[in-house]
Amino acid sequence: MPLITTKEMLLKAQREHYAVGAFNVENMEMVQAVIAAAKALDAPVIMQTTPSTLRYASPEYFYANAACAAEEAGVCAALHLDHGSDYALAVRTVHAGYTSVMIDGSQKPFEENVKITAEVVRMCSSVGIPVEAELGKVGGKEDDLDGGSGDAYTDPMQAEAFTERTGISSLAVAIGTAHGFYKGEPKLDFGRLQEIREKVSVPLVLHGASGVPDEAVRESIRLGICKVNFATELRVVFTDGIKEVLEKHPGTIDPKKLGAAGREKVTALVMEKMKVCGWDK
């Protein structure tokens, strides 16, 4: 099955009250792991790459990996640009074959965020590609992404205006999550999420879900989240798999054995997170 866009995937999740898991992939083994999990559960899935990952290997490389894996497995999968940094990168990923794009203008003043987001939406809509944007600041740090202190939560009234003026397909909201590792248990503002849901009709996205308690993720989905992003935890378990091999067999030099161990760990975690997102059918 060829890669599909996220638009109908997320609208279906919205109608049926579950969320699609979106998993950051950083090499071939992580792509394989995410697709293996989707096939095992017959689940829809979104693979995504950040700008820093695309400096490690090009969008064309990641598209080739993702398209091949999805085609061989016959799963319903999309390839998404996560936290797109500018218009040029959005154009490049679309040309490479990506089926979904995020433009992140959340660090800019409101009007500048509207402007850059609307420009990307116009470009992507001409070729049928949906666009995710962010309003408010999801805090924390990951790769070269610095979300700040995380205290600039999404304003529900601004969310309504932003969605209408830009024409986005989905909106990432800041309700208390953060990128990277948490120092304590995150406290999500469910009341704010409910207000945003009442004002905004497009699917809502939760970033920074690694480390958020499962029950909090489930509650956010009940209140309208349709896409949940996971990244840090995947990195951790992939590395743990490699460490375990080297601890047991310190003389291992075959990178395939190391990659396979990390891949196995990621597959198990992705399946677990898909079930938390409501895909336990």
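Residue numbers run from 1 in the order of the sequence given.
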Exercise for review: Would you kindly say whether Ser100 and Thr6 are connected by a side-chain donor-acceptor distance under 3.5 Å?
Suggested key: yes
Check your understanding: Just wondering, do Glu26 and Thr49 contact through their side chains at under 4.5 Å, heavy atoms?
Key -> no
Practice item. I would like to know whether Leu234 and Asn24 meet side-chain contact (heavy atoms from CB on, under 4.5 Å); could you show each step before the answer? Key: CA-CA 8 Å; Leu234 275 66; Asn24 285 50; 5.6 Å; no
Point to revise | Approximate separation, where rounding is to 0.5 Å, of Arg222 CZ and Leu193 CG | key: 9.5 Å
Exercise for review: Determine whether more than 12 heavy atoms belonging to other residues, nucleotides or ligands lie under 6.0 Å from atom OH of Tyr61.
Suggested key: no
Point to revise | Minimum-distance pair of heavy atoms, taken over all atoms of Arg197 and Pro203 | key: NH1-CA, 4.4 Å
Review point. Are Ile253 and Leu258 connected in the hydrophobic side-chain network, where two residues link if heavy atoms are under 4.5 Å apart?
Key: no
Point to revise | Pairwise distance CZ(Phe238) to CG(Asn27) - rounded to 0.5 angstrom | key: 4.5 Å
Revision key, fill the gap. Given the options Asp82, Val25, Thr99, Met47 meets side-chain contact (heavy atoms from CB on, under 4.5 Å) only with Val25
Check your understanding: Can Ile225 and Val173 be said to form a side-chain contact (heavy atoms from CB on, under 4.5 Å), step by step?
Key -> CA-CA 9 Å; Ile225 291 293; Val173 295; 4.2 Å; yes
Practice item. Give the minimum heavy-atom separation between Gly136 and Ala174, together with the two atoms involved. Key: C-CB, 3.9 Å
Point to revise | Side-chain donor-acceptor pair present, Gln14, Lys227, cut-off under 3.5 Å | key: no
Point to revise | Note: Glu112-Lys115 ion pair, threshold 4.0 Å (strictly below) | key: no
Check your understanding: Shared ILVMFWY cluster between Phe110 and Ile168, side chains joined below 4.5 angstrom?
Key -> yes
**Study point:** Considering all heavy atoms, the nearest Leu3-Ala66 contact
**Key:** CD2-O, 4.1 Å
Check your understanding: Side chain of Gln32, backbone of Arg263: donor and acceptor closer than 3.5 Å?
Key -> no
Review point. So do Lys12 and Tyr18 actually touch side chain to side chain, heavy atoms under 4.5 Å?
Key: yes
**Study point:** Same apolar cluster: Leu246 and Val237, side chain cutoff 4.5 Å
**Key:** yes
Study note, to complete from the structure: Heavy-atom closest pair (Ala90 atom, Val120 atom, distance to 0.1 Å) is CB-CG1, 4.1 Å
Point to revise | Cluster check Phe230, Leu41: I/L/V/M/F/W/Y, side chain < 4.5 angstrom | key: yes
Check your understanding: Between Gly176 and Leu188, what is the shortest heavy-atom contact and its length?
Key -> C-CD2, 3.8 Å
Review point. Is there side-chain contact between Val45 and Met274, with heavy atoms separated by less than 4.5 Å?
Key: yes
**Study point:** Intermediate values then yes/no, side-chain contact (heavy atoms from CB on, under 4.5 Å), Leu10 and Ser169
**Key:** CA-CA 9 Å; Leu10 296 185; Ser169 301; over 6 Å; no
Practice item. Determine whether Glu29 and Val266 make a side-chain contact, defined as any pair of heavy atoms from C-beta on separated by less than 4.5 Å. Key: no
Check your understanding: Could you give the distance from CG (Asn113) to CG (Asp104), rounded to the nearest 0.5 Å?
Key -> 7.5 Å
Study note, to complete from the structure: One should read off an interatomic distance between His80 NE2 and Ser170 OG, to the nearest 0.5 angstrom, of 6.5 Å
Review point. Is the side chain of Trp279 donor-acceptor paired with the backbone N or O of Ala38 at a distance under 3.5 Å, no angle test?
Key: no
Review point. Going by distance alone, is a donor N or O of one side chain under 3.5 Å from an acceptor N or O of the other, for Glu132 and His207?
Key: yes
Review point. Nearest 0.5 Å, what's the OG1-NZ distance between Thr154 and Lys199?
Key: 14.5 Å
Review point. Looking at side-chain heavy atoms only, is the closest gap between Arg165 and Glu111 below 4.5 Å?
Key: yes
Review point. When clusters are formed by joining ILVMFWY residues with side-chain heavy atoms under 4.5 Å apart, either directly or through shared neighbours, do Met28 and Val31 land in the same one?
Key: no
Check your understanding: Less than 4.5 Å apart, any side-chain heavy atom of Leu54 and any of Leu81?
Key -> yes
Check your understanding: Shortest non-hydrogen contact from Ala19 to Ala13?
Key -> CA-CB, 4.4 Å
Practice item. Step by step, work out the salt bridge (charged side-chain N to carboxylate O under 4.0 Å, His left out) result for Asp214 and Lys273. Key: CA-CA 8 Å; Asp214 291 348; Lys273 295 305 181 183; 3.7 Å; yes
Point to revise | Lys257/Asp254 ion pair, N-O < 4.0 Å | key: no
Revision key, fill the gap. Value for CZ (Phe62) from CE (Met30), rounded to nearest 0.5 Å, stands at 9.0 Å
Practice item. Evaluate the criterion side-chain contact (heavy atoms from CB on, under 4.5 Å) for residue pair Leu206 and Ile175; output intermediate values, then yes/no. Key: CA-CA 8 Å; Leu206 185 69; Ile175 58 168; 3.9 Å; yes
Point to revise | Worked verdict on Glu195 versus Arg192 for salt bridge (charged side-chain N to carboxylate O under 4.0 Å, His left out) | key: CA-CA 5 Å; Glu195 288 182 54; Arg192 182 180 299 270; over 6 Å; no
Point to revise | Neighbour count above 12 (heavy atom, 6.0 Å) for Gln158 CD | key: yes
Review point. Are Tyr98 and Ile129 close enough that some pair of their side-chain heavy atoms sits under 4.5 Å apart?
Key: no
Check your understanding: Less than 4.5 Å apart, any side-chain heavy atom of Glu134 and any of Met102?
Key -> yes
